[in-house]
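Here the structure comes first, spelled out in structure tokens, and everything after it is commentary.
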Amino acid sequence: MEQFRKLWKEYTVVLIEHGDERFEEWGLSDADIWNVIKHGKLIKVETPICLPRYTVRGKSIDGDVVRCAFEVNESERELLIVTVFLESSRGRK
């Protein structure tokens, strides 16, 4: 998780279209995702197409349980937010 914290600060964070749609759907913010990275746990690592994909599970700033999938593009120095998923909510939709 320390690596994600470093990437969040040093790389360009890119919210791809699907991830952007999920952000809107679940009402999440950059602060929520930073909280997931800051306090969450890495639960899955895979390489579905070409970039390694990491799934992190943690809590939003409001205490909602959130799962985020990231891909790391080292050549472009990008941390791509592929999708986010609200597992449980404390009053959100």
Side-chain angles (χ1 to χ4, degrees):
M1 286 310 303
E2 191 61 38
Q3 179 67 16
F4 276 104
R5 293 180 196 104
K6 183 178 178 182
L7 293 175
W8 183 269
K9 293 176 182 178
E10 295 178 4
Y11 278 25
T12 301
V13 177
V14 177
L15 184 59
I16 66 167
E17 185 177 348
H18 177 78
D20 188 42
E21 291 169 358
R22 298 295 78 81
F23 255 71
E24 189 175 319
E25 176 183 349
W26 299 114
L28 297 168
S29 69
D30 289 348
D32 290 316
I33 302 310
W34 169 243
N35 206 62
V36 170
I37 291 172
K38 190 174 177 183
H39 301 290
K41 295 187 189 275
L42 182 64
I43 60 170
K44 188 178 193 180
V45 178
E46 58 189 333
T47 306
I49 299 173
C50 62
L51 296 175
R53 181 174 290 179
Y54 304 89
T55 303
V56 177
R57 184 175 187 258
K59 292 187 178 181
S60 71
I61 57 176
D62 293 331
D64 301 328
V65 178
V66 177
R67 205 175 346 155
C68 304
F70 302 93
E71 290 182 351
V72 178
N73 184 341
E74 291 188 27
S75 65
E76 298 292 327
R77 297 185 53 82
E78 293 176 331
L79 179 63
L80 307 166
I81 301 174
V82 177
T83 193
V84 296
F85 177 77
L86 191 63
E87 286 188 12
S88 69
S89 173
R90 297 172 49 134
R92 282 190 223 213
K93 65 176 187 179

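In E74, the CD atom is not crowded: 12 or fewer heavy atoms of neighbouring residues, nucleotides or ligands sit closer than 6.0 Å. Heavy-atom neighbours of E17 CD from other residues, nucleotides or ligands within 6.0 Å: at or below the threshold of 12.
The distance from the CG atom of L42 to the CD atom of E2 is 13.0 Å, given to the nearest 0.5 Å. Note that CZ of R67 is 13.5 Å distant from CZ of R22, once rounded to the nearest 0.5 Å. For the atom pair CD1 of I81 and CG of D20, the computed distance is 9.5 Å after rounding to the nearest 0.5 Å. In this structure, CG on D30 lies 9.5 Å from CD1 on I37, to the nearest 0.5 angstrom. Note that CG of N73 is 8.0 Å distant from SG of C50, once rounded to the nearest 0.5 Å. Expressed to the nearest 0.5 Å, how far CD1 of I33 lies from CH2 of W8 amounts to 6.5 Å.
Side-chain heavy atoms closer than 4.5 Å link hydrophobic residues (I, L, V, M, F, W, Y) into clusters, and following such links, possibly through other members, connects V56 to V45. A continuous path of Ile, Leu, Val, Met, Phe, Trp and Tyr side chains, each step under 4.5 Å between heavy atoms, connects L79 with F23, placing both in one hydrophobic cluster. Under a hydrophobic clustering in which Ile, Leu, Val, Met, Phe, Trp and Tyr are joined whenever their side-chain heavy atoms come within less than 4.5 Å, directly or via other members, V72 and L80 fall into different clusters.
Across V82 and E71, no two heavy atoms sit closer than the pair CG2-CG, 3.6 Å. In terms of heavy-atom proximity, G58 sits nearest to V36 at N-CG1, 3.8 Å. When all heavy atoms of M1 and G40 are compared, the closest pair comes out as CG-O, 3.5 Å. Closest approach of A31 and I61 over heavy atoms only: O-CG2, 3.8 Å. Residues R77 and E10 come closest through the heavy atom pair NH2-O, 3.7 Å. Residues V84 and G19 share a closest heavy-atom pair of CG2-O, 4.4 Å.
A heavy-atom distance below 4.5 Å is not found between the side chains of W26 and D64. No side-chain heavy atom of R57 sits less than 4.5 Å from a side-chain heavy atom of F85. Residues K6 and Y11 fail the side-chain proximity criterion, which asks for heavy atoms closer than 4.5 Å.
Considering only residues two or more places apart in sequence or on other chains, H39 meets the side-chain hydrogen bond (donor to acceptor under 3.5 Å, both in side chains) condition with none of them.
For residues 46-74, every residue pair satisfying the ring-ring contact (aromatic ring centres under 6.0 Å, His included) rule, not counting sequence neighbours, is listed here: F4-Y54, F4-F70.
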